Amino acid sequence: MTSNSDQAARFVTVTSAHGVTTITLDSPANRNALSIALMTQLLAALDEATADEACRVIQLDHTGPVFCSGADLKETLASTSGGVPVPVSMLGDVLLAVAQCPKPVLAVVRGPARAGGLGLIAAADLAICTDEATFAFSEVRLGVVPAVISATVLPRLTPRAAAELFLTGDVFTGRRAAEIGLVTASVPGAELDEAAERLRDSLRRGGPQALRATKELLRVDGLAERLAALTELSVAFFGSDEGREGVAAIREKRNPAWVSQGH
């Protein structure tokens, strides 16, 4: 549940310069976790950037060392025990807004990303990360399913990589993220800003209407309907006994019960 203090706080900041609107995830205290408040502000920022005629390119960036740690687990645990909306119920709206934004969206990933954060990266048209960044589809280790994010992630990944990484939850590097298609490119950290600038410059050279129409060509058919169905699946697993146990175990820094039973 979003408190009054959450509503007043800023979890997303926006700056604009030279035709680029930078939307920054700005909640480093919880590793830019996808809380209801952060996602609400992110959706509003995307709407404003889309309506701004001066905006030619949207860049998703972040403060702090972590791009996005996925769902806000503290909020998720409170939601599943208190009958209020679980954060993942809103994630599909965010991924749809990014994926179907009529303007090019570039994600700049300076550090680790997990679970829902990978869905956000995949929803962007282009994504660039540092070689040092790490990634993981950690859902199965929480006793839940990477359902919602699969709508944007699976069209990017090679099938073998998707099967391995979805099922194991193992951590992988920025370089591998580029090899399997999750990101456009991976570069040394010192070169990230320069590489991002080259991509922004290339995007600014395209005609705005031509870019909009080209994005229509690239759009995945039926994405809204698929996200709605997958959201139901994710919400069901987060509310299940296994999902509640997995989230509680992470919060309590212990193994979930099924790991203990397997040894």
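On a predicted model such as this, the values are computed, not experimentally measured, just so you know.
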*asked:* Side-chain heavy atoms nearer than 4.5 Å, only ILVMFWY residues, links allowed to pass through others: does that put Leu118 and Leu106 together?
replied: no
*Can you measure from CG (Leu95) to CD1 (Ile121) and round to the nearest 0.5 angstrom?*
11.0 Å
*Identify, with sequence neighbours excluded, every residue that meets salt bridge (Lys or Arg N to Asp or Glu O under 4.0 Å) alongside Asp52.*
none
*What are the two closest heavy atoms between Gly119 and Thr152, and how far apart are they?*
O-OG1, 3.0 Å
*asked:* I'd like to know if Leu34 and Val140 are part of one continuous hydrophobic network [Ile/Leu/Val/Met/Phe/Trp/Tyr, side-chain heavy atoms within less than 4.5 Å].
replied: no
Going by atom type alone, with no hydrogens or angles, which donor-acceptor pairs under 3.5 Å involve a side-chain atom of residues 217-234 and a protein atom two or more places apart or on another chain?
| from | atom 1 | to | atom 2 | distance (Å) |
| --- | --- | --- | --- | --- |
| Arg219 | NH1 | Glu216 | OE2 | 3.4 |
| Arg219 | NH2 | Gln100 | O | 3.2 |
| Thr231 | OG1 | Leu227 | O | 2.7 |

*So, for Phe11 and Gln41, which heavy atoms are closest and what is the spacing to 0.1 Å?*
N-OE1, 2.7 Å
*Between Glu245 (side chain) and Ala257 (backbone), is there a donor-acceptor pair under 3.5 Å?*
yes
*Under a 4.5 Å cut-off applied to non-hydrogen side-chain atoms, are Arg114 and Thr134 in contact?*
yes
*Kindly assign one of parallel, tilted or perpendicular to the pair Phe166 and Phe137, based on the angle between their ring planes and the thresholds 30° and 60°.*
tilted
*Would you mind checking if Glu194 and Arg198 are paired as a salt bridge, meaning a charged N to carboxylate O distance below 4.0 Å?*
yes
*asked:* So Cys68 and Val66, do their side chains get closer than 4.5 Å, heavy atoms only?
replied: no
_Would the distance check show the side chain of Ser69 and the main-chain N or O of Arg31 forming a donor-acceptor pair, the cut-off being under 3.5 Å?_
yes
*Heavy-atom pair of closest approach, residues Val12 and Ala45*: CG1-CB, 4.3 Å
*So with a 6.0 Å cut-off around CZ of Arg175, is the heavy-atom count from everything else above 12?*
no
*Residue pair Pro87 / Met39: nearest heavy atoms and the distance that separates them*: O-CE, 3.2 Å
_Single-linkage hydrophobic cluster, 4.5 Å side-chain cutoff, Phe172 and Leu167 together_ = no
*Among Val109, Val187, Asp131, whose side-chain contact (heavy atoms from CB on, under 4.5 Å) with Leu192 holds?*
Val187
*Does any non-hydrogen side-chain atom of Cys101 lie less than 4.5 Å from one of Lys215?*
yes
*asked:* Can you pull out every salt bridge (Lys or Arg N to Asp or Glu O under 4.0 Å) where at least one residue sits in residues 145-166? Sequence neighbours excluded, please.
replied: Glu164-Arg176
*Do Asp193 and Arg110 come close enough that some side-chain heavy atom pair is under 4.5 Å?*
yes
*Is the closest side-chain heavy-atom distance between Thr76 and Val88 below 4.5 Å?*
no
*Minimum heavy-atom distance between Arg56 and Pro208, given as atom pair plus value*: NE-CG, 3.5 Å
*Drop me the distance from Thr24's OG1 to Arg10's CZ, to the nearest 0.5 angstrom.*
11.5 Å
*Do the side chains of Ile149 and Met90 join up, straight or via other hydrophobic residues, at under 4.5 Å, putting them in one cluster?*
yes
*asked:* If you define the side chain from C-beta out and look only at heavy atoms, does anything of Phe135 sit under 4.5 Å from Cys129?
replied: yes
*Before giving the answer on side chain to side chain contact (heavy atoms under 4.5 Å, CB included), spell out for Leu182 and Leu165 the whole-Å C-alpha distance, their side-chain angles and the decisive distance to 0.1 Å.*
CA-CA 12 Å; Leu182 178 64; Leu165 298 171; over 6 Å; no
*Answer with yes or no whether the hydrophobic clustering places Val108 together with Val20; edges join I, L, V, M, F, W, Y residues whose side-chain heavy atoms lie under 4.5 Å apart.*
yes
*Does the side chain to side chain donor-acceptor pair (under 3.5 Å) test come out yes or no for Arg141 and Thr168, once each step is laid out?*
CA-CA 8 Å; Arg141 298 195 179 188; Thr168 65; 5.4 Å; no
*Heavy atoms, side chains only, cut-off 4.5 Å: are Leu60 and Leu25 in contact?*
no
*Please round to the nearest 0.5 Å and tell me the distance separating atom CZ of Arg251 and atom CG of Leu142.*
12.0 Å
*asked:* Testing the basics here: between Pro28 and Thr63, what is the closest heavy-atom pair and its distance to 0.1 Å?
replied: CD-OG1, 3.5 Å
*Calculate, to the nearest 0.5 Å, the distance between atoms CD and OG1 belonging to Glu191 and Thr130 respectively.*
11.0 Å
*Answer whether the closest heavy-atom distance between the side chains of Lys74 and Leu77 falls below 4.5 Å.*
no
*Going by the side-chain contact (heavy atoms from CB on, under 4.5 Å) test, name the single residue among Leu126, Leu203, Thr22, Val105 that passes it with Val57.*
Leu203
*Out of curiosity, Asn32 CG to Asp72 CG, how far, rounded to the nearest 0.5 Å?*
11.0 Å
*Report the distance from atom CD1 of Ile58 to atom OG1 of Thr50, rounding to the nearest 0.5 Å.*
4.5 Å
